2 protein chains.
Amino acid sequence: MSNESKSQKQTGVRATQKAATGQAVLEAAREEFERVGFEAANLRAIAARAGVSAGTVLHHYGDKRELLHAALFDDLEETLRQALEGLGPGPLEKQLSALTRTVFGYYQRRPKLSRTLLKESLFADEPWAGKFTAQVGGVHGAIARLAQEASARGELRPGVDGALFGAAYFSFFYFALISWVQGAHPAPVAMVERLIGQHLEGLRPPSSLSPRRKER
Amino acid sequence: MSNESKSQKQTGVRATQKAATGQAVLEAAREEFERVGFEAANLRAIAARAGVSAGTVLHHYGDKRELLHAALFDDLEETLRQALEGLGPGPLEKQLSALTRTVFGYYQRRPKLSRTLLKESLFADEPWAGKFTAQVGGVHGAIARLAQEASARGELRPGVDGALFGAAYFSFFYFALISWVQGAHPAPVAMVERLIGQHLEGLRPPSSLSPRRKER
DNA sequence: GAGATTCGTTAAACATGTTCATTGAACGTG
DNA sequence: CACGTTCAATGAACATGTTTAACGAATCTC
């Protein structure tokens with residue numbers, strides 16, 4: 001029983017072939033999905049394009065949705081990595097606008113797919129739900145850090161709750177993105193910017209009787 | 001051609017029967033959906049429960065998703081109507097908490113269905129997308145009005161952008177709801193409350209150099 | 001190296017959402 | 001009332017996602 005532990009590189013002919021077909025299927029799926037959209041894409045057509053049978057596709061990826069995630073998860077991961085990397089110093093609102101624009105671009109670049117992509121990301125099953133949550137968590141942490149730094153710079157008040165602010169950012173981002181893919185709003189980036197602006201500004205009256213630090 | 005205009009009540013035997021069948025299907029669908037969930041529900045089983053053939057179900061409701069919407073849209077509408085009705089005067093945050101709790105209850109009452117229900121509402125096709133948007137629009141207007149009133153009472157600063165605040169509320173609400181149905185957060189109502197709190201409070205430093213009325 | 005075993009692949013079977021031609025009763029018309 | 005028309009309802013056919021038994025080549029064991 002010379003068991004190799006999970007996700008370890010294999011060297012045999014069989015393993016190599018398997019990896020190759022897996023990649024071929026993935027590529028065929030990505031092309032087909034982006035060409036005709038998720039629902040219209042046909043597993044037998046994807047299989048044919050990859051030169052395998054339909055059964056093989058599902059042997060590698062348990063079902064159609066998993067195939068979608070497998071085909072496009074890495075691209076989003078890479079997009080996020082780049083977005084976080086190239087943030088620069090700038091004021092907080094500029095940093096967030098850049099982030100919003102970059103991630104929005106990921107969806108905009110796949111018009112036939114953006115709706116389903118967002119839908120199936122937000123409502124994924126395990127194990128993709130966990131991966132997606134981890135992705136979001138990474139960005140969430142980064143935003144919390146940005147907020148802390150902005151606080152240190154004096155852009156935000158001291159003692160800001162970075163995590164809560166991160167949650168607010170995601171709320172705005174996804175709300176705008178959903179509105180956009182549903183055709184209800186044409187300019188998601190601008191919408192996120194306006195919402196963030198109001199969030200940073202606050203709405204309580206300047207001369208409120210209640211002191212700044214009000215908690216129930 | 002004695003054409004009756006759309007959605008006018010019909011009196012003939014045929015029309016009556018059709019309406020009865022439609023209702024029977026709707027009831028069977030609602031029961032079956034809430035019992036086993038959307039994806040696991042089977043059109044032929046629903047049809048059998050309603051005492052008709054599978055074809056008849058789709059003759060009345062174009063496809064499975066439309067059947068879901070037809071079966072549950074009215075309940076949400078009614079829930080929203082009641083929620084808006086029983087708001088009372090109270091401070092803005094209390095009003096919004098009550099609203100959040102009521103609408104959340106609608107989903108909580110259908111544990112097998114809440115995830116799909118939210119998913120298919122947010123990403124519905126026409127004509128349900130339009131109906132859902134109209135529903136949301138109604139609540140949006142109501143919230144904007146609440147914000148104006150709060151502003152008039154001195155709870156919020158004068159000249160508050162009620163519509164933008166409404167968008168922020170929906171952002172928070174749906175973010176928390178999605179987190180909840182995905183199992184990522186156990187207490188959506190509390191989360192919305194905290195986000196609203198931060199939104200109302202704002203995050204800019206009290207002694208900011210930039211004046212209150214700052215636009216890009 | 002020969003036999004046993006594993007496992008990637010396949011094709012056929014299956015489940016289920018959807019389409020469609022057919023039917024017969026309700027309906028309108030004279 | 002007799003006729004043609006409409007249309008709700010049907011069930012079979014279809015499309016497609018998914019399951020499964022079987023095959024055969026790679027791998028393992030001795």
Side-chain angles (χ1 to χ4, degrees), chain A residues 1-4 6-26 28-29 32-33 35-71 116 120 125, chain B residues 1-26 28-29 32-33 35-71 116 120 125 128:
Chain A
M1 178 179 299
S2 64
N3 236 342
E4 302 286 334
K6 208 171 126 192
S7 78
Q8 187 138 1
K9 201 182 294 180
Q10 303 273 349
T11 54
V13 174
R14 194 143 70 179
T16 308
Q17 243 321 305
K18 180 177 185 181
T21 44
Q23 281 305 310
V25 169
L26 221 54
E32 209 53 14
F33 282 150
R35 193 171 65 83
V36 304
F38 178 72
E39 323 228 334
N42 178 308
L43 282 189
R44 285 169 176 82
I46 292 175
R49 181 183 274 248
V52 298
S53 80
T56 298
V57 172
L58 294 182
H59 177 74
H60 282 252
Y61 311 94
D63 62 15
K64 197 184 179 185
R65 276 185 195 152
E66 181 169 340
L67 184 58
L68 176 74
H69 287 126
T116 305
E120 298 301 334
D125 292 306
Chain B
M1 99 162 42
S2 62
N3 238 342
E4 302 287 330
S5 88
K6 211 172 123 191
S7 78
Q8 187 138 1
K9 199 183 299 179
Q10 302 274 347
T11 55
V13 173
R14 194 145 69 182
T16 308
Q17 242 322 304
K18 179 176 185 181
T21 309
Q23 281 305 310
V25 169
L26 222 54
E32 206 57 11
F33 282 150
R35 193 170 66 83
V36 302
F38 177 72
E39 325 228 333
N42 178 308
L43 281 189
R44 286 169 175 82
I46 292 175
R49 181 184 275 250
V52 298
S53 79
T56 299
V57 173
L58 295 180
H59 177 73
H60 282 252
Y61 311 95
D63 62 16
K64 198 184 179 186
R65 276 185 195 153
E66 181 168 340
L67 184 57
L68 175 74
H69 288 125
T116 305
E120 299 301 334
D125 293 304
W128 296 99

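On a predicted model such as this, the values are computed, not experimentally measured, just so you know. The chains referred to below are lettered A, B, ... by the order of the sequence lines, with proteins before strands, and numbering in each begins at 1.
- Remark: C1' of D/dT18 and CG of A/Leu43 are 9 Å apart, rounded to the nearest angstrom.
- Atoms CZ (B/Arg14) and C1' (D/dT5) sit 9 Å apart, rounded to a whole Å.
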| request: Any chance you could list the contact pattern along nucleotides 9-14 of chain C? Use B for base contacts, S for sugar-phosphate-only contacts and - for none, protein heavy atoms under 4.0 Å, 5' to 3'. | output: BBB-B-
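- Between the side chain of A/Tyr61 and the main chain of A/Gly22, a donor-acceptor pair closer than 3.5 Å is present.
- What separates CG of A/Asp63 from P of D/dT18 is a distance of 5 Å, to the nearest Å.
- As judged by a 4.0 angstrom heavy-atom cut-off over every strand, A/Ala47 is placed among residues making no nucleic acid contact.
- Among residues two or more places apart in sequence or in another chain, the side-chain contact (heavy atoms from CB on, under 4.5 Å) test is passed with B/Ala45 by B/Glu32, B/Asn42.
- Computed from coordinates, the B/Phe38 CZ to C/dT16 C1' distance equals 12 Å when rounded to whole Å.
- The distance from atom NZ of A/Lys64 to atom C1' of D/dA15 is 11 Å, rounded to the nearest whole Å.
- For the pair A/Tyr61 OH and C/dG8 P, the interatomic distance rounds to 13 Å; values are reported in whole Å.
- In this structure, A/Phe38 and A/Phe33 have tilted ring planes: the angle between them lies in the 30° to 60° band.
- The side-chain contact (heavy atoms from CB on, under 4.5 Å) test applied to B/Thr56 returns B/Thr21, B/Val52, B/Ser53, B/His60, not counting sequence neighbours.
- Atom CD in B/Gln23 sits roughly 13 Å away from atom P in D/dA9 (whole-Å rounding).
- At a threshold of 4.0 angstrom between heavy atoms, the contacts of B/Ala41 are confined to the sugar-phosphate backbone, with no base atom among them.
- In this structure, A/Asn42 atom CG and C/dG17 atom C1' are separated by 14 Å, rounded to whole Å.
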